[in-house]
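Some notes on the structure that comes next.
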Amino acid sequence: SQKIEQNSEALNIQEGKTATLTCNYTNYSPAYLQWYRQDPGRGPVFLLLIRENEKEKRKERLKVTFDTTLKQSLFHITASQPADSATYLCALWDYGQNFVFGPGTRLSVLP
Amino acid sequence: DGGITQSPKYLFRKEGQNVTLSCEQNLNHDAMYWYRQDPGQGLRLIYYSQIVNDFQKGDIAEGYSVSREKKESFPLTVTSAQKNPTAFYLCASSPQGAGNQPQHFGDGTRLSIL
């Protein structure tokens with residue numbers, strides 16, 4: 001069956017460290033993978049998109065990698081700040097399908 | 001500022017009642033979506049529309065209905081046939097619904113049963 005998973009429901013890290021969030025998928029062949037940030041009671045906000053033929057994408061303190069062999073995307077936030085605390089969602093888009101979202105990882109950056 | 005507006009923010013439904021959630025966008029996007037979010041689960045697609053006067057069922061369409069009479073508007077009706085409607089409902093849009101386009105979300109409507 002098709003499945004998309006994010007490594008843990010919650011992740012706590014110390015301010016200034018790098019946060020690494022994982023998105024794994026099974027029985028999909030995504031052409032695109034996106035990452036979103038969601039704050040409590042709000043809608044998700046788009047952060048980054050990576051294509052199947054790209055290995056890495058960066059935007060300021062954010063970095064996304066995409067390994068189609070491992071069927072995995074990693075999302076990194078360097079020099080993390082308490083303001084980065086939120087739930088982060090991965091979403092993949094497969095040909096002939098719509099976006100499929102993972103359950104999210106709730107990140108807490110502790111001062 | 002362009003964006004998506006969902007209303008109301010909170011909604012309560014009585015047993016046997018239909019309720020309608022509003023979604024309006026001024027981004028000039030062709031594609032619009034409705035998702036349901038439950039704790040610990042990913043967003044699940046209810047309905048989507050890629051053009052005016054056309055819409056398709058998503059993964060969990062039973063008990064819901066939509067219309068797309070105008071480009072800017074994509075209301076969702078939660079009917080009495082939906083037995084477990086308590087959830088956070090999110091509306092989204094994108095330019096043409098392609099995978100390389102980000103989705104823009106509203107701030108959701110939280111529906112509860114009285």
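Every heavy atom of this structure was used, including side-chain atoms; hydrogens, water molecules and symmetry mates were not. Here is the naming used below: chain letters follow the sequence lines, and residue numbers restart at 1 for every chain. Keep in mind that what you see is a predicted model, and the values were worked out from it rather than measured.
- Nearest approach of Arg42(A) to Phe88(B), heavy atoms of both residues: O-CE2, 3.8 Å.
- When the shell of 6.0 Å around CD of Glu15(A) is examined, it contains more than 12 heavy atoms from other residues, nucleotides or ligands.
- Hydrophobic clustering keeps Leu33(A) apart from Leu89(A) (ILVMFWY residues linked when any side-chain heavy atoms are closer than 4.5 Å, directly or through intermediates).
- With a 6.0 Å radius and a threshold of 12 heavy atoms from other residues, nucleotides or ligands, Glu60(A) has its CD atom at or below the threshold.
- Remark: Glu9(A) CD is loosely packed, at most 12 non-hydrogen atoms of other residues, nucleotides or ligands lying under 6.0 Å away.
- Contact annotation for Arg106(A): neither backbone nor side-chain heavy atoms come within less than 4.5 Å of a heavy atom of chain B.
- Residues Pro44(A) and Leu90(B) share a closest heavy-atom pair of CD-CD1, 3.9 Å.
- Listed options Arg44(B), Gln37(B), Arg110(B) were ranked by heavy-atom pairs under 4.5 angstrom with chain A; first place goes to Gln37(B).
- Hydrophobic clustering keeps Leu49(A) apart from Leu62(A) (ILVMFWY residues linked when any side-chain heavy atoms are closer than 4.5 Å, directly or through intermediates).
- Annotation for Gln103(B) and Tyr36(A): closest pair N-OH, 3.0 Å, computed over non-hydrogen atoms.
- Proximity to chain A is limited to the backbone of Ala98(B), based on heavy atoms less than 4.5 angstrom apart.
- For Leu43(B), the parts lying near chain A are the backbone and the side chain together; criterion is any non-hydrogen pair under 4.5 Å.
- Cluster membership check: Tyr88(A) shares its hydrophobic cluster with Tyr25(A), using side-chain heavy-atom separations under 4.5 Å among Ile, Leu, Val, Met, Phe, Trp and Tyr.
- Within 6.0 Å of atom NZ in Lys9(B), more than 12 heavy atoms from other residues, nucleotides or ligands are found, so the atom counts as buried in its surroundings.
- Rounding to the nearest 0.5 Å places CH2 of Trp93(A) at 10.5 Å from OG of Ser94(B).
- Applying the 6.0 Å contact sphere to CG of Leu110(A) captures more than 12 heavy atoms from other residues, nucleotides or ligands.
- Using a 4.5 Å cut-off between heavy atoms, Gln6(B) does not touch chain A at all.
- Using a 4.5 Å cut-off between side-chain heavy atoms of Ile, Leu, Val, Met, Phe, Trp and Tyr, with links allowed through other members, Phe46(A) and Ile77(A) fall into different hydrophobic clusters.
- Considering only heavy-atom pairs separated by less than 4.5 Å from chain B, the leading option among Asn98(A), Leu48(A), Leu92(A), Val100(A) is Asn98(A).
- Residues Phe101(A) and Tyr35(B) bring their aromatic ring centres within 6.0 Å.
- The residue among Gly102(A), Ala91(A), Gly104(A), Pro30(A) with the most heavy atom pairs within less than 4.5 Å of chain B is Gly102(A).
- Across Gln101(B) and Gln34(A), no two heavy atoms sit closer than the pair O-NE2, 3.2 Å.
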